[in-house]
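One structure is given below, encoded as structure tokens.
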2 protein chains.
Amino acid sequence: MRIGELADAVGVSTQAVRYYERERLMPAPTRGGNGYRAYDDQAVARIAFIRTAQSAGLTLVQIRSILDLRDRGVIPCDHVSDLIDDRLFEVRRRMAELAALEEELVQLRDRSERLDPADCSDGDICHIIAVQPQPSVLE
Amino acid sequence: MRIGELADAVGVSTQAVRYYERERLMPAPTRGGNGYRAYDDQAVARIAFIRTAQSAGLTLVQIRSILDLRDRGVIPCDHVSDLIDDRLFEVRRRMAELAALEEELVQLRDRSERLDPADCSDGDICHIIAVQPQPSVLE
DNA sequence: CTTGACCTTGAAGCGCAGTACAAGGCCTAG
DNA sequence: CTAGGCCTTGTACTGCGCTTCAAGGTCAAG
């Protein structure tokens with residue numbers, strides 16, 4: 001299987017496949033006489049795994065750490081569990097941040113409905129967005 | 001006021017101030033005889049505004065659009081309202097995405113508790129992360 | 001024999017909001 | 001006179017996951 005066929009089979013670009021190789025998520029493939037990369041079904045499964053892991057929000061670095069274990073013959077399940085837990089923690093932290101931001105935005109919107117633009121002075125720039133005592137450090 | 005004093009007053013770095021100038025969020029300041037930038041209290045208010053707007057999740061491009069209106073003598077309140085609405089929409093969309101991702105991760109974690117690592121075959125890479133029929137396109 | 005679809009490599013660019021570094025000028029205190 | 005703490009400019013780098021471009025080689029069909 002050539003790189004284009006592999007890419008089509010998994011639904012990624014050929015550049016992405018080469019990128020995964022550069023980043024050592026994919027092993028250097030065997031080459032045909034013409035220098036073309038040659039892949040087997042394992043490569044399809046491996047890229048499918050990468051994409052699924054990505055859809056769970058894992059980074060390529062984390063995914064590589066899973067693949068590295070597997071390649072060294074270690075069953076990566078425990079490590080994967082840890083990564084999932086980490087990611088879950090991050091996602092929940094992020095959701096809490098966004099919830100706080102949402103509340104702030106709702107308040108700003110309410111404020112914008114209450115305030116009259118005619119009262120908006122030059123020094124304020126815009127009175128809807130008033131300087132907070134403690135600016136929240138989000139995102 | 002020199003750039004360092006301005007930066008200290010608002011709690012940003014001098015590089016950030018110069019960056020805002022380059023990005024046209026801050027006007028080119030007057031210069032002292034030595035070439036040093038000289039700022040007044042308006043500059044403090046302006047940077048404070050930028051930071052507050054940032055804490056509401058607005059991008060610098062959006063913030064610049066607000067400042068541009070104000071600088072042209074237009075009261076930017078209506079535009080600010082629109083930006084806040086846009087941002088609120090984006091935040092809510094993102095929260096929904098993250099909620100879906102959280103559910104996916106919880107399922108993966110449950111799965112990892114149910115499955116025995118000993119059953120994890122080489123072809124799978126890891127049986128916790130199984131290829132989905134329709135990989136969700138998140139983040 | 002040419003066209004076009006595939007493949008190769010390497011380097012650069014994207015978005016975003018800065019940070020970091022280098023090489024130098026200015027100013028004050030000791 | 002020198003040390004240090006400011007300031008100036010310009011350039012490059014950060015993270016992340018690619019995409020885009022350039023310049024060329026390979027191969028099958030017509």
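First the proteins, then the strands, lettered A, B, ... as listed; each starts at 1.
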Exercise for review: Shoot me the first and last contacting nucleotide of DNA chain D against chain B, ordered 5' to 3', at under 4.0 angstrom to non-hydrogen atoms.
Suggested key: D:dC6 to D:dT9
Of all heavy-atom pairs between [X] and [Y], which one has the smallest distance, and what is that distance?
X	Y	result
B:Cys126	A:Phe49	N-CE1, 3.9 Å
B:Leu83	B:Ser65	CD1-OG, 4.0 Å
A:Cys120	B:Ile75	CB-CG2, 4.0 Å
A:His127	A:Asp116	CE1-O, 3.1 Å
A:Ile63	A:Ile50	CD1-O, 3.7 Å
A:Ile128	A:Leu108	O-CD2, 3.4 Å

Practice item. Sequence neighbours left out, what passes salt bridge (Lys or Arg N to Asp or Glu O under 4.0 Å) with A:Arg109? Give chain and number order. Key: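 By the salt bridge (Lys or Arg N to Asp or Glu O under 4.0 Å) rule, A:Arg109 matches no residue at all.
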**Study point:** Residues forming a salt bridge (Lys or Arg N to Asp or Glu O under 4.0 Å) with A:Arg93, sequence neighbours excluded
**Key:**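 A:Arg93 satisfies salt bridge (Lys or Arg N to Asp or Glu O under 4.0 Å) with A:Glu90, A:Glu97 once adjacent residues are dropped.
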**Study point:** Strand contacts (DNA chain C) in residues 6-31 of chain A, 4.0 angstrom heavy-atom criterion
**Key:** A:Arg18, A:Arg31
Check your understanding: How many Å lie between CZ on A:Arg37 and P on C:dC7, as a whole number?
Key ->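 In whole Å, C:dC7 P lies 10 Å from A:Arg37 CZ.
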**Study point:** With A:Arg92 via side chain to side chain donor-acceptor pair (under 3.5 Å) - residues at least two apart
**Key:** B:Glu102
Review point. Once you round to the nearest 0.5 Å, how far does CD1 of B:Ile84 lie from CG of A:Leu105?
Key: 7.0 Å
Practice item. Look up atom CG in A:Leu58 and atom CD1 in B:Ile129, then write down how far apart they are to the nearest 0.5 Å. Key: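 The CD1 atom of B:Ile129 is 5.0 Å from CG of A:Leu58, to the nearest 0.5 Å.
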Exercise for review: Any chance you could pull the hydrophobic cluster mates of B:Leu69, using side-chain heavy atoms under 4.5 angstrom and chaining through other members?
Suggested key: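 Once heavy-atom contacts under 4.5 Å are chained together, B:Leu69 belongs with B:Val74.
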Please write out each protein N/O paired with an N/O of nucleotides 26-29 of chain C under 3.5 Å, distance rounded to 0.1 Å.
none

Check your understanding: For DNA chain D, what residues of residues 61-69 of chain A have any heavy atom nearer than 4.0 Å?
Key -> none
Review point. How sharply is the helix from C:dC1-D:dG30 to C:dG30-D:dC1 bent, taking the axes over five pairs at either end and rounding to 10 degrees?
Key: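 The end-segment axes of the helix from C:dC1-D:dG30 to C:dG30-D:dC1 are tilted 40° relative to each other.
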Practice item. Can you tell me which residue pairs pass the salt bridge (charged side-chain N to carboxylate O under 4.0 Å, His left out) test with a partner in residues 33-45 of chain A, sequence neighbours excluded? Key: A:Glu21-A:Arg37
Practice item. Any salt bridge (charged side-chain N to carboxylate O under 4.0 Å, His left out) involving residues 57-85 of chain A? Give me the pairs, sequence neighbours left out, ordered by first then second residue. Key: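 Salt bridge (charged side-chain N to carboxylate O under 4.0 Å, His left out) check on residues 57-85 of chain A returns A:Arg46-A:Asp71, A:Arg70-B:Asp122.
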Exercise for review: Hey, could you give me each pair passing side-chain hydrogen bond (donor to acceptor under 3.5 Å, both in side chains) that has a residue in residues 22-33 of chain B? Not counting sequence neighbours.
Suggested key: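 Matches after skipping sequence neighbours: none remain.
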